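Remarks on the structure that follows.
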Amino acid sequence: MAESPITPRERDFAAWYQDVVLQGDMAEPAEIVKGCMVIKPNGYAVWEILQRELDDRFKATGHQNVYFPLLIPESFLKKEAEHVEGFAPELAVVTIAGGKQLEEPYVIRPTSETIIGHFFAKWIQSWRDLPVLMNQWANVVRWELRTRMFLRTTEFLWQEGHTAHSTHEEAVEEVLRILDVYAEVAEDIMAMPVIKGVKSKAEKFAGALRSYSIEGMMQNGLALQAGTSHDLGQNFGKAFDVKFQNKEGQLDYVWQTSWGVSTRLIGGLIMSHSDDKGLVLPPKLAPVKAVVVPIYRKDDEKVKVLEAAHRIAKEIGAKVDEREGQSPGAKFFHWERRGVPVVIELGPRDLASGNAVMKRRDTGTKEIVPQSEIPARFKDVLEAMQKDLFNAAQARLKANTVVANSIGEVEEILREVTAERGGGKFVMAHLKDDAVCDARLKEFKATVRNIPLVDEYDGAGKCIVTGEEVDRRVVIAKSY
RNA sequence: CGGGCUGUGGCGCAGCCUGGCUAGCGCGCUUGCUUGGGGUGCAAGAGGUCGUGGGUUCGAAUCCCGCCAGCCCGACCA
């Protein structure tokens, strides 16, 4: 495996990101399939942990996993006007199968609201059938014109929750409950602070009444929409004729929700914590939490060192890097690039003293720990690292969030910001959710990321574009 | 999808402008010895349809055209 240097963030953030993904052995461009990537073992292992964390929480809130077909009749997409308009440009369509032209083409799902709507209509008749709480782990395809590994790929892995309720209130509760689950996983597991909020009309999901999102801030100050939860109202219920008889005996359309997070989270994870030496994984998401690097000269040393290394590794669930012909130094670099939280160095010196050297990936701090205390110390270090990574990310988010009171100010702050140059900010300003305002922001390629659910600022004020009264400041930023 | 840059052993590149022996270099890889607490050193090896298809030419990595892919910008984008 060739190991090239990593471009420093300072020089080119976008190149740095590429390097970290590649050198961290997370993924690589598929090349033979445009815009797609191969998720490699190190990357997929992180995804599996994320899946488990999310899935446990979905189950705990009453959801069940299901699986629907990858192919959807083209006509389904057209049943909800806004939905088709939103997705039509990015659909991949199957027109030939079994050597014959299909009578009706199938689209490869960009998302599954439509096909699920079809089945909801079959399954739901009575208020007693509600709520229906389902989740699907799947791949989807969206023919994006510009892709970046993990952040936006043509095919990606995600989960999509789909629920149906008898009242709007209940649906909204569901939407917010899931938004909380997403925020919890982002913050507690990924150590990535996020802002929960409502998407502007311009940015909401095609076919939704309202969309909610969690927005994270990457190290270059760009926003990343890390998860969305949609209040679909009765739009899909009406489009797919999903009716039920309520307690009063009247027919009504169901109130639906849908919500999703994807492998994009991994991109967010990387851009939240990694550094110029490579990947940094928060302990809770690290497939390998520790590696013991044995150091020895002679064969008798080797035997003793390896014996102790395996004993320690067993106690803490670590891996021993026994590769022959690799110097310890080379091994340190190897694991550093791959984001392993803790590396334990163990050599003859340590055997003599009964100690070991424990090194933290995030701070680079080395400490000498008596071997007997390693399990306890290891646990503490992982906890501290998890907490410190979150705190550092949160401090960065705070430091790069600014208040602005005129559109000129907002433009001044964001105009020159790009993914590679960095310098991005979250600008908090009063702005009406209106096409005129969106257009003004577009002049310098910024968008409203969301309207925070919790107003941590000064309440109502006048829109900096239209002058109309709005009830709180919104998050304006450049985004991925 | 428009613009720019790029594609040469596993990786990073040189060669291309100005066509010409057996296509070089560094890293990595294999074997042996050596070394080992932050990328050990030495030696001997293996490994290339020059992204791809066509064209020009006595001759193409090199010139021309198409296509594919990657990166950046733009437009687009839960």
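Quick note on labels: first sequence line is chain A, next is B, and so on, each numbered from 1. These figures come from a predicted structure and were not determined experimentally.
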Atom C1', compared across B/A60 and B/G51: separation rounded to whole Å:
16 Å

Mind checking whether A/His168 and A/Trp255 have ring centres under 6.0 Å apart?
yes

Fit a plane to each ring of A/His230 and A/Phe205, take the angle between them on a 0 to 90° scale, and name the class: parallel (under 30°), tilted (30 to 60°) or perpendicular (over 60°).
parallel

Choosing from B/G37, B/G70, B/G39, which nucleotide comes nearest the side chain of A/Pro328?
B/G37

For side chain to side chain contact (heavy atoms under 4.5 Å, CB included), just list the numbers for A/Phe426 and A/Ile195, CA-CA rounded to whole Å, side-chain angles, deciding distance to a tenth of an Å, and then say yes or no.
CA-CA 11 Å; A/Phe426 280 11; A/Ile195 295 175; 3.7 Å; yes

Please tell me whether A/Trp47 and A/Phe150 form a close aromatic pair, meaning their ring centres lie under 6.0 Å apart.
no

Looking at A/Trp158, is A/Arg142 sitting on its ring face, NZ or CZ under 6.0 Å from the six-membered ring centre and within 45 degrees of the normal?
yes

Sticking with atom P, work out how far B/C42 lies from B/G12, rounded to a whole angstrom.
25 Å

Looking for any heavy atom pair under 4.0 Å, which part of the strands does A/Val293 touch: base, sugar-phosphate only, or nothing?
nothing

Looking across every strand, which nucleic acid part, if any, lies under 4.0 Å from A/Glu31 by heavy atom: base, sugar-phosphate, or nothing?
sugar-phosphate

Which heavy atom of A/Arg360 sits nearest to which heavy atom of A/Met385, and what is that distance?
NH2-CA, 3.5 Å

Classify A/Gly364 by what it touches in the nucleic acid, base, sugar-phosphate, or nothing, heavy-atom distance under 4.0 Å.
nothing

Residue A/Gln326, side-chain atoms from C-beta onward, closest of B/A69, B/C29, B/C71
B/C29

Using Watson-Crick geometry (N1-N3 plus N6-O4 or O6-N4) or G-U wobble (N1-O2, O6-N3), each under 3.5 Å, B/G19 is paired with none

When you compare B/U35 with B/U62, how far apart are their P atoms, in angstrom units rounded to a whole number?
49 Å

B/U6 to B/G45 separation - P atoms, rounded to the nearest Å
37 Å

How far, in whole Å, is B/A44 from B/G39 if one measures between their P atoms?
25 Å

Among the candidates B/G36, B/C72, B/G39, find the nucleotide nearest to the side-chain atoms of A/Tyr296.
B/G36

Nearest-angstrom distance, C1' atom, B/C58 to B/G19:
12 Å

When the distance from CH2 of A/Trp16 to P of B/C72 is rounded to whole Å, what number comes out?
14 Å

Mark yes or no for a side-chain to base donor-acceptor pair under 3.5 Å between A/Arg349 and B/G37, with no hydrogen or angle criteria applied.
yes

Which pairs of donor and acceptor atoms, one on a side chain in residues 296-305 of chain A, lie under 3.5 Å apart (sequence neighbours left out)?
{"residue": "A/Glu301", "atom": "OE1", "partner": "A/Arg297", "partner atom": "N", "Å": "2.6"}
{"residue": "A/Glu301", "atom": "OE1", "partner": "A/Lys298", "partner atom": "N", "Å": "3.2"}
{"residue": "A/Lys302", "atom": "NZ", "partner": "A/Glu324", "partner atom": "OE2", "Å": "2.6"}

Using the C1' atoms only, state how far B/C21 lies from B/G28, rounded to an integer number of Å.
30 Å

Check the interface with nucleotides 74-78 of chain B: list each N/O to N/O pair with the protein under 3.5 Å, or write none.
{"residue": "B/C76", "atom": "OP1", "partner": "A/Lys442", "partner atom": "NZ", "Å": "2.9"}
{"residue": "B/C76", "atom": "OP2", "partner": "A/Lys442", "partner atom": "NZ", "Å": "3.0"}
{"residue": "B/C77", "atom": "O2'", "partner": "A/Glu144", "partner atom": "OE1", "Å": "3.4"}
{"residue": "B/C77", "atom": "O2'", "partner": "A/Glu144", "partner atom": "OE2", "Å": "2.9"}
{"residue": "B/C77", "atom": "O2", "partner": "A/Arg152", "partner atom": "NE", "Å": "2.6"}
{"residue": "B/C77", "atom": "O2", "partner": "A/Arg152", "partner atom": "NH1", "Å": "3.1"}
{"residue": "B/C77", "atom": "O2", "partner": "A/Arg152", "partner atom": "NH2", "Å": "2.4"}
{"residue": "B/A78", "atom": "O4'", "partner": "A/Arg142", "partner atom": "NH1", "Å": "3.0"}
{"residue": "B/A78", "atom": "O2'", "partner": "A/Gln225", "partner atom": "NE2", "Å": "3.2"}
{"residue": "B/A78", "atom": "O2'", "partner": "A/Thr228", "partner atom": "OG1", "Å": "3.1"}
{"residue": "B/A78", "atom": "N9", "partner": "A/Arg142", "partner atom": "NH1", "Å": "3.1"}
{"residue": "B/A78", "atom": "N7", "partner": "A/Arg142", "partner atom": "NH1", "Å": "3.0"}
{"residue": "B/A78", "atom": "N7", "partner": "A/Arg142", "partner atom": "NH2", "Å": "3.3"}
{"residue": "B/A78", "atom": "N6", "partner": "A/Ser262", "partner atom": "OG", "Å": "2.8"}
{"residue": "B/A78", "atom": "N3", "partner": "A/Gln225", "partner atom": "NE2", "Å": "3.2"}

Please classify the nucleic acid contact of A/Glu420 as base, sugar-phosphate, or nothing, using heavy-atom distances under 4.0 Å.
sugar-phosphate

Whole-Å distance separating the CG atom of A/Leu22 from the C1' atom of B/G10:
13 Å

Quantified in whole Å, what is the P atom distance between nucleotide B/U31 and nucleotide B/A23?
28 Å

